[in-house]
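Report on one structure; see the data block that follows.
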Amino acid sequence: TSVIRGTYLGLEYMRKGNGGDGGVIINISSLAGLMPAAFQPVYCATKHGVIGFTRSIAVTANMENYGVRLNTICPGFVNTPILQSIDKEENMGQYYSYKDEIKNMMQFYGVMDPSIIAEGLITIIEDDTLNGEVMKITASQGIHFQQYNQTPFTSSKR
């Protein structure tokens, strides 16, 4: 709920109709928000939710002329201490049996340095045309965007 509450709070202070200067809100999801993850079903579901919420509220912000853009970044595997925990059964619990699948995914997508994520954030902040976008960041494919079909029923408000 923190992503939702934080987004609404940010919109309240930032939107031009309330005296704000506009700006950009960037919510953090994960590649797990774009695909199923058998070893992380709850994490996967929440990250899908972050993407759906952010894309939806971005349409609202555009329709209501808030002057605020909303986007999501979906990083892959990042070189942090948590990656070392997949070999420890006490950390993985019932999903410990999936450790080889996780390692295969890490090999496929690569493990990146946090500085690549910072580069993606700067891109979203500086590019005023980005609203409702989902940026994917992986070591193997770099910074790129999820492609979606045109969203229907977003051109007028009632």
Side-chain angles (χ1 to χ4, degrees), residues 1-83 85-86 102 105-158:
T1 61
S2 61
V3 169
I4 295 168
R5 290 178 61 141
T7 299
Y8 281 135
L9 185 63
L11 281 172
E12 196 63 27
Y13 284 99
M14 296 169 67
R15 67 185 180 146
K16 291 183 177 182
N18 275 1
D21 295 327
V24 61
I25 295 172
I26 304 169
N27 287 326
I28 311 300
S29 182
S30 166
L31 282 184
L34 295 166
M35 63 186 78
F39 51 88
Q40 297 176 307
V42 174
Y43 179 80
C44 183
T46 61
K47 297 308 177 181
H48 273 78
V50 169
I51 293 169
F53 170 75
T54 305
R55 291 185 70 221
S56 296
I57 201 73
V59 172
T60 301
N62 186 52
M63 290 170 61
E64 297 290 334
N65 296 313
Y66 287 170
V68 178
R69 298 179 295 112
L70 296 100
N71 295 286
T72 307
I73 66 165
C74 296
F77 295 98
V78 183
N79 189 11
T80 61
I82 197 168
L83 286 186
S85 71
I86 64 171
I102 297 168
M105 289 176 68
M106 287 170 60
Q107 186 173 12
F108 179 80
Y109 288 110
V111 177
M112 65 185 148
D113 187 75
S115 64
I116 298 172
I117 297 170
E119 184 181 332
L121 289 170
I122 290 168
T123 298
I124 289 176
I125 291 167
E126 292 179 343
D127 188 340
D128 290 339
T129 67
L130 299 176
N131 185 49
E133 300 298 329
V134 177
M135 177 184 278
K136 300 186 287 187
I137 308 173
T138 64
S140 63
Q141 296 179 322
I143 297 170
H144 54 292
F145 291 89
Q146 179 71 14
Q147 298 297 313
Y148 292 99
N149 293 330
Q150 179 68 29
T151 306
F153 313 118
T154 59
S155 61
S156 65
K157 65 179 183 175
R158 294 180 177 223

**Study point:** Beyond-backbone contact of V134 with R55, side-chain heavy atoms, under 4.5 angstrom
**Key:** yes

(message) Is it the case that atom CG in N18 sees more than 12 heavy atoms from other parts of the structure closer than 6.0 Å?
(response) yes

The reported gap from CD1 in I73 to CD1 in I28 (rounded to nearest 0.5 angstrom) is 3.5 Å

Would you check, one step at a time, whether the test side chain to side chain contact (heavy atoms under 4.5 Å, CB included) holds for T46 with V3? CA-CA 10 Å; T46 61; V3 169; over 6 Å; no

So SG of C74 and NE2 of H48: to nearest 0.5 Å the spacing works out to 9.5 Å

So CE of M135 and CG of N71: to nearest 0.5 Å the spacing works out to 8.0 Å

So CZ of F77 and OG of S30: to nearest 0.5 Å the spacing works out to 8.0 Å

Output for pair (Q147 CD, E133 CD), nearest 0.5 Å, gives 8.0 Å

Here the pair of heavy atoms bringing A58 nearest to N131 is O-ND2, 3.2 Å

| Counting only heavy atoms not in Y13, do more than 12 sit closer than 6.0 Å to its OH atom? | no

To the nearest 0.5 Å, atom CG of L70 lies from atom CG of L11 at 5.5 Å

Only residue of L31, I143, I116 satisfying side chain to side chain contact (heavy atoms under 4.5 Å, CB included) with T138 is L31

In short, P75 meets I117 closest at the heavy-atom pair CB-CD1, 3.7 Å

Residues passing the side chain to side chain contact (heavy atoms under 4.5 Å, CB included) test with D128, sequence neighbours excluded, are R69

Shortest non-hydrogen pair, S29 vs K47, comes out as OG-O, 2.9 Å

Starting from the C-alpha separation in whole Å, work towards a yes-or-no answer on side chain to side chain contact (heavy atoms under 4.5 Å, CB included) for I51 and L34. CA-CA 8 Å; I51 293 169; L34 295 166; 3.7 Å; yes

C44 and A37 have their tightest heavy-atom pair at SG-N, 3.7 Å

I25 and T7 have their tightest heavy-atom pair at CD1-O, 3.8 Å

Would you say Q141 has more than 12 foreign heavy atoms packed within less than 6.0 Å of its CD? yes

With sequence neighbours left out, the residues meeting ring-ring contact (aromatic ring centres under 6.0 Å, His included) with Y8 are F53

